[in-house]
Amino acid sequence: MKIIRFLFIFCFVASTVLSFPLKGVKKGDVIDFSKFESSHPKFEQSVKDKKLKLILFWRSDKGLSVKVAKTFVRLCSRKDLDCYSLDLKGAQEEEILKILGKVNSNFFIVNYKGDAILDFGIYTLPVTVFLDKNNKVLNAIGYEGQYFVKVGRYIKYLTGEISKEEYEKFQNVTKIVRKKSILPDINFIKKLIKDGQKDDALQKLKSLDKKGINDFEKVKLAEVLILLGKNQEAFELLKPISNKFIDAKFYIGLALYNLGNLDKALDYLVSIEKIYPNKGRLYYLLGKIYKKKGDYEKACGYFEKACDKEFIN
């Protein structure tokens, strides 16, 4: 139930109406399909076809991505467009089909020869890219609460089924008057940290508008704070919502470990040991805590569990 709750909140607050969710390409750029490959016999011809094209970047191990990918299949039931599914986790085609089910002949499961995240500047997933009949980028949609309705409406506009005025009227009606989600910015900061650009990450964090952020955004922000060594700030941010989100307790435990408060960290982590979904990293952190406390027997036990394939996720 908590996972479903996460996804609901995630979908509800996120919107990319005001931002383009790719840093490596912009509207008007031509996509080079030479780096894409597929076993589909009609793939090469589809690239040359003068059709509207949609590319979905997603991960088959992430709940939100899977939900959007399944909806993407439904949207691609039309014959007047070609759709390309690129799983950044790199699952085999058979695995993808098990997840997505039956797909139409205009649906292509593709791989990418290179680093798609780097080349396209992807900082948030899933992302749907729209190309015109000449493979030029028309638009891209990242986190989208009403994905089927909004993307479907956009396709109808691009294919001439509704006018620009009708589409814009729809956009104005469906816009929710609220603060734009900062999740794309948080994910971008996280990527900067992983790329070793800590100074840029700190600068971006400093400019981040944190007023009025919701609880789910607080959890994601806390993760970034911990990566930047701001453990006390992360702890204070998450403590009021520790009973709402299981991830909040994990990150509180991690922050307390980094602050040297091992006993308090254990209190939080042990309380979620049986229910935390990512047991691999939980067991690894528990192993580190017990090692620091000098309890090597327990530490070894948790390290062994952390390496067990059953718990790696």
Side-chain angles (χ1 to χ4, degrees), residues 16 20-62 65-122 125-142 144 147-164 167:
T16 53
F20 195 71
L22 298 170
K23 297 293 182 182
V25 297
K26 60 184 183 297
K27 293 179 182 180
D29 285 351
V30 177
I31 297 300
D32 179 11
F33 273 94
S34 66
K35 286 191 175 183
F36 291 79
E37 56 185 7
S38 172
S39 63
H40 197 297
K42 296 183 179 179
F43 169 69
E44 295 295 339
Q45 182 57 47
S46 75
V47 173
K48 301 173 186 176
D49 286 344
K50 296 296 182 179
K51 281 186 178 183
L52 176 68
K53 299 177 178 69
L54 277 66
I55 306 173
L56 176 68
F57 296 95
W58 64 296
R59 281 188 64 99
S60 59
D61 60 340
K62 301 295 181 184
S65 272
V66 170
K67 180 180 179 181
V68 168
K70 288 181 177 179
T71 304
F72 185 69
V73 172
R74 291 169 59 200
L75 290 166
C76 293
S77 61
R78 304 172 55 117
K79 294 181 179 180
D80 56 348
L81 51 83
D82 286 327
C83 295
Y84 305 87
S85 162
L86 178 56
D87 170 31
L88 295 177
K89 181 178 179 291
Q92 296 298 310
E93 184 171 337
E94 296 76 17
E95 298 177 68
I96 299 296
L97 289 173
K98 282 182 181 179
I99 294 171
L100 300 183
K102 185 178 179 180
V103 298
N104 285 356
S105 59
N106 64 326
F107 192 94
F108 305 90
I109 297 172
V110 298
N111 296 314
Y112 188 79
K113 296 179 287 185
D115 189 336
I117 292 177
L118 184 63
D119 289 352
F120 286 86
I122 300 170
L125 287 174
V127 176
T128 306
V129 182
F130 298 82
L131 309 179
D132 70 6
K133 295 178 181 180
N134 297 309
N135 299 340
K136 286 185 180 180
V137 176
L138 295 169
N139 202 355
I141 292 178
E144 194 61 69
Y147 183 82
F148 184 80
V149 175
K150 292 182 179 179
V151 174
R153 196 78 175 177
Y154 188 56
I155 290 172
K156 286 184 177 181
Y157 160 59
L158 293 176
T159 54
E161 291 180 48
I162 61 174
S163 66
K164 183 178 180 181
Y167 176 69

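Because only heavy atoms are used, hydrogens play no part in the values below, and waters and symmetry mates are left out as well, while side chains stay in. For clarity, every value in this text was computed on a predicted model and none was experimentally measured. Position 1 is the first residue of the sequence; numbering continues from there.
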| message | How long is the straight-line distance from CG of Asp82 back to OG of Ser105, given to the nearest 0.5 Å? | response | 8.5 Å
| note | Closest heavy-atom pair, Ser38 versus Phe43, reported as atoms and distance to 0.1 Å, is CB-CG, 3.7 Å
| Non-hydrogen side-chain atoms of Leu54 and Phe72 separated by less than 4.5 Å | yes
| query | Would you say Ser85 and Phe107 make side-chain contact, with heavy atoms under 4.5 Å? | reply | yes
| said: Are there over 12 heavy-atom neighbours, none belonging to Lys113, within less than 6.0 Å of that residue's NZ? | reply: yes
| note | Between the CZ atom in Phe108 and the CD atom in Glu37, the distance rounded to the nearest 0.5 Å is 15.0 Å
| task | Show the numbers, then the answer: is there a salt bridge (charged side-chain N to carboxylate O under 4.0 Å, His left out) between Arg78 and Glu161? | result | CA-CA 13 Å; Arg78 304 172 55 117; Glu161 291 180 48; 2.4 Å; yes
| query | Is there a side-chain contact between Ile96 and Gln92 (heavy atoms, below 4.5 Å)? | reply | no
| task | Could you tell me the separation between the OH atom of Tyr84 and the OH atom of Tyr112, rounded to the nearest 0.5 Å? | result | 15.0 Å
| task | Determine whether the side chains of Glu95 and Ser60 contain a donor N or O and an acceptor N or O closer than 3.5 Å. | result | no
| field | Considering all heavy atoms, the nearest Leu22-Ala140 contact | value | CD1-CB, 4.0 Å
| query | Are any of the side-chain heavy atoms of Phe130 and Val151 separated by less than 4.5 Å? | reply | yes
| query | CG/Leu131 to CD1/Ile31 distance, rounded to the nearest 0.5 angstrom? | reply | 5.5 Å
| task | Looking only at non-hydrogen atoms, find the nearest pair between Gly142 and Pro21 and report the distance. | result | N-CG, 3.6 Å
| message | So, taking the atom named CG in Leu86 and the one named CG in Leu56, what distance separates them when rounded to the nearest 0.5 Å? | response | 8.5 Å
| field | Side chains of Asn106 and Lys79 in contact at under 4.5 Å (non-hydrogen atoms) | value | no
| field | Rounded distance [0.5 Å steps], OH in Tyr154 versus CD1 in Ile162 | value | 11.0 Å
| Run the side chain to side chain contact (heavy atoms under 4.5 Å, CB included) check on Asp119 and Lys35 step by step: do they pass? | CA-CA 11 Å; Asp119 289 352; Lys35 286 191 175 183; 3.2 Å; yes
| said: Here's a test for you: under side chain to side chain donor-acceptor pair (under 3.5 Å), which of Lys51, Lys48, Lys53 qualifies with Asn135? | reply: Lys53
| Checking side chain to side chain contact (heavy atoms under 4.5 Å, CB included) for the pair Leu81/Ile155: CA distance, chi angles, key distance, verdict? | CA-CA 9 Å; Leu81 51 83; Ile155 290 172; 3.7 Å; yes
| query | Taking the six-membered ring of Phe148, is NZ or CZ of Arg74 closer than 6.0 Å to its centre and within 45° of its axis? | reply | yes
| query | Would you say Asp29's side chain and Lys26's backbone share a donor-acceptor pair under 3.5 angstrom? | reply | yes
| said: Taking the side chain as everything from C-beta on, heavy atoms only, tell me whether Leu97 gets closer than 4.5 Å to Ile109. | reply: yes
| query | Considering only heavy atoms from C-beta outward, does the side chain of Trp58 approach that of Val127 to under 4.5 Å? | reply | no
| field | Flag for Thr128-Tyr147: side-chain donor and acceptor within less than 3.5 Å | value | yes
| request: Would you mind reporting whether Lys50 and Asn134 have side-chain heavy atoms less than 4.5 Å apart? | output: yes
| Can we say Arg59 and Asp61 salt-bridge, meaning some charged N sits less than 4.0 Å from an Asp/Glu carboxylate O? | yes
